[in-house]
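Ligands are counted one by one from 1 in listed order, and the atoms in each one are counted from 1 as well. Side-chain atoms are counted along with the backbone in the values below, which use heavy atoms only and exclude waters and symmetry mates.
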Amino acid sequence: MKKNDQFELDITDISDEGAGIGKKAGFVWFVKDALPGDRVRAAATKLKKNYGFARLLEVLSPSEDRREAPCPVARQCGGCQLQAMSYEAQLRFKERKVLNNLKRIGGFEGVEALLEPIIGMEDPFRYRNKAQFPVGRDRDGRIIAGFYAGRTHHIVECRDCLLGPEENQRILQQVTDWMEAYGIPAYDETQGKGLMRHVLIRKGYRSGQIMVCLVINGEKLPHSQELVEALRSLPLPEGEAVASISYSINRANTNVIMGDRIVDLFGPGYIEDSIRGLEAESRAVTFRISPLSFYQVNPVQMERLYSTALEYAGLTGKETVWDLYCGIGTISLFLAQKAKKVYGVEIIPQAIQNARENAELNGIQNAEFYVGKAEEVLPRWYEEQQEKAKKEGFPEAAERIDVIVVDPPRKGCDEKCLETILKLQPERVVYVSCDSATLARDLKYLCANGYKLTRVRPCDMFPETVHCECVVRLERRIWLDRRT
Ligand code: SAH
């Protein structure tokens with residue numbers, strides 16, 4: 001077999017990245033866009049010693065799980081790896097992925113018994129409250145906006161992403177019409193020239209407030225007033241309004257989308273949205289969200305995810321809690337309603353500013369926020385508590401932590417952070433994770449040092465993609481005296 005050779009293959013499995021897997025003559029093939037149960041014709045694209053990659057040419061006999069992908073550019077765009085798979089099958093795929101990682105990486109044999117059913121969506125499209133569209137030019141010089149084709153920086157024109165709200169395409173149209181009208185050049189990555197790089201659109205699903213932030217390769221945005229007028233005059237569905245327009249300065253030739261300086265053109269520099277818990281007695285919490293702040297992209301599932309985290313935290317009103325990687329304080333403020341005291345830590349200063357404003361906005365007084373890395377702030381806080389105990393002469397002078405919630409980015413927690421969690425010895429640790437591989441790694445460490453995994457629940461925050469969110473609970477098994 002050599003490159004471009006064509007062959008038929010039965011797909012029997014699927015990789016964590018969503019590629020179909022089939023075996024032929026002892027050789028393992030990875031075929032993107034093929035599903036388990038498909039019989040396909042494929043062409044070899046890359047060959048290694050025992051395995052290879054192939055391109056899907058034709059589905060000869062389709063899997064039971066196969067359906068027509070609703071989006072016409074699903075295959076070109078790298079965003080939705082699972083669109084051709086029925087939603088039911090997507091959910092099973094994600095449950096399996098979490099289980100496999102917990103077993104393979106974490107060594108949690110028998111974890112099936114703990115797995116609670118994945119929380120799926122009733123309507124798994126149009127859920128995303130945030131989109132970042134790259135802007136460029138096609139061969140004829142026409143301005144295009146859309147998505148990068150999988151693993152490249154080639155822009156596929158697509159303004160109506162089926163994961164986001166329908167309004168996005170009209171907002172994009174206003175921006176590109178304005179660019180054409182005033183001769184605003186699109187950014188050309190290969191030369192590092194041109195101005196307009198990305199358009200970030202965010203929508204508060206509960207508030208109807210929309211944010212538009214243009215990412216530019218420059219310090220100033222010419223004709224910005226005309227842009228503000230164009231965006232503000234856009235007819236939108238009842239109850240919606242463009243509430244914040246800004247630009248972000250990013251002159252670096254890197255893959256990072258946002259620059260760290262934001263210039264406001266219209267509005268207060270943030271939009272507001274609110275989150276409601278699922279329990280009958282829970283009240284809605286309002287949040288201010290700035291262009292640089294992290295905010296969960298799926299508001300429907302976010303409420304379910306946070307309610308699960310809250311349930312796992314098992315709060316009675318007496319507990320002191322840390323929320324590590326707290327963003328704009330979403331989980332912290334949710335927990336604060338049921339805890340005695342909540343501490344939050346987050347690396348992005350603007351997010352912490354939002355978190356403090358959000359606490360005030362909601363009249364929440366028992367939450368305190370720190371800017372910094374969790375792996376630096378938490379150990380420092382622990383040392384301070386130890387000092388205090390030493391000075392006062394009795395160990396109880398150090399504040400006790402009952403519950404620690406962590407919600408790190410994909411790379412998981414820093415070891416220093418996990419080490420400090422062990423020193424603090426909370427009764428429970430609630431780990432919210434968007435990557436079950438790093439989750440499994442971190443859980444293995446905590447469970448080798450006195451904790452026990454007691455609950456696991458995946459939550460489908462990202463339908464149509466291979467990504468899966470997961471909440472787990474750990475309980476302290478033994479009391480280790482690490483205070484000295
Ligand atoms: N819990 C929040 C945010 C979770 S996303 C929510 O649900 O909305 C992860 C957050 O961790 C991001 O806001 C990111 O800025 C922050 N972060 C990344 N590395 C960090 C670190 N080393 N220490 C603290 N925060 C970090």
Side-chain angles (χ1 to χ4, degrees), residues 119 128-130 202 204-206 256-258 260 262 270-277 285-310 312-313 321-336 339 342-359 362 367-382 403-421 429-436 438-439 442 459 461-462 467-472:
I119 306 172
R128 267 190 84 99
N129 58 18
K130 172 183 163 184
R202 247 179 182 167
Y205 272 62
R206 286 213 185 267
V256 179
I257 294 178
M258 302 291 289
D260 51 15
I262 305 285
Y270 56 79
I271 55 166
E272 288 186 351
D273 196 22
S274 59
I275 307 178
R276 222 169 283 166
V285 185
T286 301
F287 290 94
R288 285 184 183 169
I289 308 148
S290 301
L292 293 175
S293 302
F294 174 89
Y295 188 58
Q296 292 286 357
V297 298
N298 184 332
V300 172
Q301 295 298 85
M302 167 168 62
E303 294 184 344
R304 296 169 172 168
L305 179 78
Y306 291 168
S307 295
T308 309
L310 186 65
Y312 282 12
V321 183
W322 268 99
D323 177 19
L324 309 180
Y325 313 87
C326 71
I328 59 172
T330 36
I331 296 181
S332 326
L333 299 184
F334 232 64
L335 298 168
V342 176
Y343 295 107
V345 57
E346 158 65 43
I347 199 167
I348 306 266
Q350 288 92 336
I352 285 295
Q353 191 190 330
N354 282 161
R356 290 182 180 137
E357 289 166 359
N358 291 335
N362 292 282
E368 203 177 301
F369 294 97
Y370 295 85
V371 180
K373 293 185 178 167
E375 59 273 25
E376 290 172 9
V377 171
L378 196 66
R380 210 180 310 133
W381 185 88
Y382 172 75
V403 179
I404 296 183
V405 178
V406 302
D407 183 6
R410 276 188 210 163
K411 68 173 195 255
C413 295
D414 189 276
E415 197 162 325
K416 184 84 193 154
C417 174
L418 296 176
E419 219 175 78
T420 315
I421 292 177
V429 176
V430 178
Y431 196 133
V432 181
S433 159
C434 56
D435 183 335
S436 51
T438 57
L439 169 73
D442 292 351
C459 177
M461 297 287 272
F462 316 103
H467 303 291
C468 185
E469 197 84 10
C470 189
V471 196
V472 310

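- Remark: ligand 1 atoms within the under-4.0 Å shell around heavy atoms of Gln296 are 7 (O).
- In this model, no donor atom of one side chain and acceptor atom of the other lie less than 3.5 Å apart for Tyr270 and Asn354.
- Ligand 1 has an N or O atom lying under 3.5 Å from an N or O atom of Ile347, backbone or side chain.
- Tyr325 CE2, 3.7 Å is the protein heavy atom nearest to atom 21 (C) of ligand 1.
- Using a 4.5 Å cut-off on side-chain heavy atoms (C-beta onward), Asp273 and Ile289 make contact.
- Looking at Cys326 against ligand 1, only its backbone comes within 4.0 Å, counting heavy atoms.
- Between Tyr370 and Trp381, the gap from one ring centroid to the other reaches at least 6.0 Å.
- Interatomic distance, SG of Cys417 versus OH of Tyr325, reported as 4.0 Å (0.5 Å rounding).
- Considering only heavy atoms from C-beta on, Gln296 comes within 4.5 Å of Glu469 through its side chain.
- Atoms of ligand 1 found under 4.0 Å from any heavy atom of Gly372, numbered from 1 in the order shown, are 23 (N), 24 (C).
- Looking at Asp407 against ligand 1, both its backbone and its side chain come within 4.0 Å, counting heavy atoms.
- Not a single N or O atom of Lys373, backbone or side chain, sits closer than 3.5 Å to an N or O atom of ligand 1.
- Glu346 places a side-chain N or O within 3.5 Å of a backbone atom of Gly327 that can act as its donor or acceptor partner.
- When hydrogens are left out, the protein atom nearest atom 8 (O) of ligand 1 is Thr330 OG1, 2.9 Å; that is the closest non-hydrogen contact.
- Between Asn298 and Phe462 the shortest side-chain heavy-atom distance does not fall below 4.5 Å.
- Interface atoms of ligand 1 facing Ile348, defined by a heavy-atom separation under 4.0 Å, are 15 (O).
- Closest protein heavy atom to atom 15 (O) of ligand 1: Glu346 OE2, 2.7 Å.
- Contacts with ligand 1 closer than 4.0 Å are made by side-chain heavy atoms of Tyr306 only, the backbone lying farther away.
- Where the criterion is an N or O separation shorter than 3.5 Å, residue side chain and backbone included, Asp323 fails it with respect to ligand 1.
- Asp414 places no side-chain N or O within donor-acceptor distance of the main-chain N or O of Glu375, the cut-off being under 3.5 Å.
- Considering backbone and side-chain N/O atoms, Ala374 comes within less than 3.5 Å of an N/O atom of ligand 1.
- The SG atom of Cys459 lies 11.0 Å from the CE atom of Met302; values are rounded to the nearest 0.5 Å.
- Counting heavy atoms closer than 4.0 Å to ligand 1, residue Glu375 contributes side-chain atoms (C-beta onward) but none from N, CA, C or O.
- Of all protein heavy atoms, the one lying nearest to atom 19 (N) of ligand 1 is Pro409 CG, 3.9 Å.
- Considering only heavy atoms from C-beta on, Tyr431 stays 4.5 Å or farther from Cys470 through its side chain.
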